[in-house]
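To start, the structure itself, in structure tokens.
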Amino acid sequence: MSTTSDAISLIWEDEKPGSPQWWLARAHESVDEKRDFFIAEDNLAGYLLGVVRHPPASRYKVVAAIPLLSEAARSDAIAGVKSAVASWLISGTRKHIWRWRIARWSKLLWTHFPIAAAGFCVGAALGFLVAFIAVSSGLIGWPMMVAGVVIGAGAGPALKFLVDRRPKHAVAGPWTRFAIITLAAASGAALAAGGVFTQLWGA
């Protein structure tokens with residue numbers, strides 16, 4: 001058991017190394033709102049997080065984030081999170097949250113860059129094909145929409161294959177991969193179609 005000097009009424013219970021629990025330490029506030037506090041590790045971004053939950057709700061709110069610079073500094077980082085949680089209890093100010101969010105999203109995008117690039121290329125190919133058909137054949141309105149649906153349906157298996165792939169060390173689930181690939185494919189299609197229309201119709 002360990003207690004921070006200014007943690008109000010929080011008494012932290014540290015988990016032993018190798019514990020199957022997802023938290024590294026936890027505490028319970030027995031007065032006022034009776035909140036539960038946990039310290040967890042974000043392996044993707046390399047941060048230790050202080051989170052709070054209001055029972056019986058199941059949602060957690062991140063109130064502190066401290067970078068884990070090395071395994072040797074783990075104890076200091078945990079102590080830093082406890083201190084940051086204590087500061088949040090007093091002032092309501094969350095510490096380093098935006099740094100953690102930026103680090104997490106940067107790592108997430110970098111980890112999934114291969115499938116994002118593949119989705120961009122598939123989208124660009126589809127956009128180019130649809131735009132080229134539209135310009136060369138003069139199809140507009142419903143005929144062009146039907147052609148786009150047919151081409152998009154044909155690319156469905158390729159996009160599904162990309163979504164189902166699990167990049168090495170990826171933490172994100174299929175819905176996150178789906179969002180990344182969809183945005184990448186839409187961006188590629190928009191750029192390719194816009195380029196074709198600008199070059200051919202604008203000439």
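Just so we're clear, the structure is a prediction, and the values are computed from it rather than from any experiment.
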### Message
Measuring from atom OG of S75 to atom CG of L24, what distance do you get when rounded to the nearest 0.5 angstrom?
### Response
10.5 Å
### Task
Specify the closest pair of heavy atoms between A27 and L10, including all atoms of both residues, with the distance to one decimal.
CB-CD2, 4.1 Å
### Query
P67 and A77: which non-hydrogen atoms are nearest, and at how many Å?
O-CB, 4.3 Å
#### Entry: For the student: nearest non-hydrogen atoms of A84 and A64, plus distance
CB-CB, 3.5 Å
### Evaluation steps, side-chain contact (heavy atoms from CB on, under 4.5 Å), between F37 and E29
CA-CA 8 Å; F37 295 86; E29 187 180 37; 4.1 Å; yes
### Task
Is it possible for you to say whether I66 and L69 belong to one hydrophobic cluster, with membership spreading through side-chain heavy-atom contacts below 4.5 Å?
no
#### Entry: Polar side-chain atom of S106 near backbone of I102 as donor-acceptor pair, under 3.5 Å
yes
### Task
Kindly state each residue pair satisfying salt bridge (charged side-chain N to carboxylate O under 4.0 Å, His left out) with at least one member in residues 48-65, sequence neighbours excluded.
D36-R53
### Salt-bridge present (K82, D14; N to O < 4.0 Å)
yes
### Under 3.5 Å donor-acceptor, S91 side chain and S87 backbone
yes
### Query
Under a 4.0 Å N-O cut-off, is there an ion pair linking R26 with E13?
yes
### Task
Give the other cluster members for V51, using side-chain heavy-atom distances under 4.5 Å between Ile, Leu, Val, Met, Phe, Trp and Tyr residues; answer none if it is isolated.
W22, W23, F38, Y47, L49, Y60, V62, I97, W100
### For R94, salt bridge (charged side-chain N to carboxylate O under 4.0 Å, His left out) partners two or more places apart
none
## Note on the structure
Heavy-atom nearest pair, L44 first then K107, reads O-CG, 3.2 Å
